[in-house]
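Whatever order the structure lists ligands and atoms in, that order sets their numbers, starting from 1. When reading the values below, keep in mind they use all heavy atoms of this one structure, side chains included, and skip hydrogens, waters and symmetry mates. Everything numeric in this text was worked out from a predicted model, so none of it was measured.
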Amino acid sequence: MPYSALFEGYIIRTTAMSLKPTTTLSPILASLRRTHKHRHHHIASVRPSFFGCTMRNSRYHTHCLARSQNWNACYYLPRDVGPVGKVTCLASSRTVEADWKQRQLRSTAVPFLYQQNLGYGRFAYQDASASEDSDYERGSSQRQSGGSTLENIDEWRWKLTMLLRNKDEQEVVSRERKDRRDFEHLSELANRMGLYSRQYSKVVVFSKVPQPNYRPDLDDKRPQREVVLPFGLHREVDAHLKAYVSQKPMKTGNLSESSFSRSSSSGSMVNDGGPYEQEEPSIQNSDAMEKILLRKSLQLRNRQQHWQESPEGQKMLELRRSLPAYKEKDALLKAISENQVIVVSGETGCGKTTQLPQYILESEIEAARGTACSIICTQPRRISAMAVSERVAAERGEKLGESVGYKVSWKG
Ligand SMILES: Nc1ncnc2c1ncn2[C@@H]1O[C@H](COP(=O)(O)OP(=O)(O)OP(=O)(O)O)[C@@H](O)[C@H]1O
């Protein structure tokens, strides 16, 4: 008789299975019968001395049951027990504090389950029919062949479903230890749910949007030290600036005004020979150039609007709006328009590097001044310079090298 029949009436959603009855199983069954709270168990594998099951609608989605050596108790072992294991004794339906540590529980119980599955898994899943358990079952069949130890697939399915439902969340980041098979398994699940996944060293990300090759924010080896300028550099830069400013008369007004007054003064302008000084354009040339720049600025504006209205652009905007920097966007742009120097501080990952320059660029492009806007963003490391520019280009729906690029050691 299949064991599933034995559980009828007690366990409502049983994974269908066909197991050979053994007499030593009866204490476990008796415990379950007494414990009405545990009606929703899915029996995953059964063995005289040990079996594992998953429980729905519970904080602990996967747990296992074990008995003590002399059958005087049957323990419910939640997967997420703290440093000191809290176990439920099914025989007495009491929760007891175990005086053994979680590590001991795991090291004795979990390998045992694994061993048992190796031999008995084929019985446990012979005629499995509950489609909703297919992931768990596949995980277990992987274990049979000595592969993945992934046991909390239900928990993961729940996490990913929550991610999909939550509009404010864009990704789930997991630092739990996973081997390649675990990741492939979860990745497959995420894929089926319409999510993207990516593994970065020890970190796995499940996301609503495609992920780049490198995430500096997830790189534990990324240097976090502050950049300290060499002693005296400030003074040196100050001195150069003062020398430059004292040679050059201060210009007032905006660029077009100054270029107009320069042109109209026809050669009366002082040429200080500075590195950025350009040849004086004629009025006609300047007009033509302004027209070209304006046309290009309008093209940039159209392209930006087009990207922002596209479905991918909308997704990306949604993601960017979830960053803390977005709340300060207007205040920041106002401060920039009113000041020459602004110091912005914010917690790591809030968007200082990738967002603030974009807010400026986007507002300039919207105002049809895109071609007059140049932004330089420095990074202390080559890899972060490349990653940031790659990321910003992706956020703008562009290829690297269009309006966003990088320069490392004068290359790029
Ligand atoms: N290459 C990337 N791929 C995917 N997401 C990224 C990437 N770079 C940054 N992000 C995301 O953008 C957010 C903002 O990153 P950004 O680098 O702008 O933060 P930050 O405030 O400059 O951080 P830090 O102080 O560490 O430099 C991060 O939280 C991260 O989620």
J.: With heavy-atom distances below 4.5 Å as the criterion, would you say the side chains of Lys329 and Gln355 are in contact?
T.: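 With C-beta onward as the side chain, the pair stays apart.
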J.: Does any donor atom in the side chain of Arg396 or Gln358 lie under 3.5 Å from an acceptor atom in the other side chain?
T.: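 Their side chains do not contain a donor-acceptor pair, so the 3.5 Å distance test is not met.
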J.: Do Ile336 and Tyr359 have side chains that approach each other closer than 4.5 Å (heavy atoms only, starting at C-beta)?
T.: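 They are not in contact (no side-chain heavy atoms under 4.5 Å apart), so the answer is no.
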J.: Quick one, Leu400 and Ser389 - any side-chain contact, counting heavy atoms below 4.5 Å?
T.: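 In contact.
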J.: Can you find an N/O atom of Glu395 closer than 3.5 Å to an N/O atom of ligand 1?
T.: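 It does not: no N or O of Glu395 is found under 3.5 Å from an N or O of ligand 1.
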J.: Please state whether Glu390 comes within less than 4.0 angstrom of ligand 1, counting heavy atoms only.
T.: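 Heavy atoms of Glu390 never come under 4.0 Å of ligand 1.
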J.: At under 4.0 Å between heavy atoms, is it the side chain or the backbone of Arg391 that contacts ligand 1, or both, or neither?
T.: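 Near ligand 1, Arg391 shows its side chain, while the N, CA, C and O stay back.
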J.: Below the 3.5 angstrom mark, is there an N/O of Lys352, backbone or side chain, next to an N/O of ligand 1?
T.: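 Min N/O separation from ligand 1 is below 3.5 Å for Lys352.
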J.: Output the list of atoms in ligand 1 that are nearer than 4.0 Å to some heavy atom of Glu347, sorted by atom number.
T.: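 The atoms of ligand 1 under 4.0 Å from a heavy atom of Glu347 are 21 (O).
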J.: Any idea which atoms of ligand 1 are less than 4.0 Å away from a heavy-atom of Thr353?
T.: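 Selected atoms, number and element: 17 (O), 18 (O), 20 (P), 22 (O), 27 (O).
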J.: If we only count heavy atoms from C-beta on, is the Ser207 to Arg198 side-chain gap below 4.5 Å?
T.: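 No. Closest side-chain heavy atoms not under 4.5 Å.
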J.: Indicate yes or no: at least one non-hydrogen side-chain atom of Ser197 is less than 4.5 angstrom from one of Phe183.
T.: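 Side chain of Ser197 against side chain of Phe183, heavy atoms only: contact under 4.5 Å found.
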J.: Which of the listed options, Ala394, Cys350, Gly349, Ser384, holds the heavy atom that is closest to atom 23 (O) of ligand 1?
T.: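 Shortest heavy-atom distance from atom 23 (O) of ligand 1: Gly349.
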J.: Determine whether Glu184 and Glu188 make a side-chain contact, defined as any pair of heavy atoms from C-beta on separated by less than 4.5 Å.
T.: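 A side-chain contact is absent here, since even the closest heavy-atom pair is not under 4.5 Å.
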J.: I need the contact type for Leu323 against ligand 1. Using non-hydrogen atoms and a strict under-4.0 Å cut-off, is it side chain, backbone, both or neither?
T.: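 Side chain only.
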J.: Do Tyr200 and Gln211 come close enough that some side-chain heavy atom pair is under 4.5 Å?
T.: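 SC-SC contact between Tyr200 and Gln211 confirmed.
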J.: Heavy-atom contacts with Thr348 under 4.0 Å: which atoms of ligand 1 show up? List them by number with element.
T.: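 Those atoms are 23 (O), 24 (P), 25 (O), 26 (O).
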J.: What are the atoms of ligand 1, with element, lying closer than 4.0 Å to any heavy atom of Arg215?
T.: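 Listed by number with element, the hits are 2 (C), 3 (N), 4 (C), 5 (N), 6 (C), 31 (O).
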J.: Does ligand 1 have any atom sitting under 4.0 Å from a heavy atom of Gly346?
T.: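 Contact absent.
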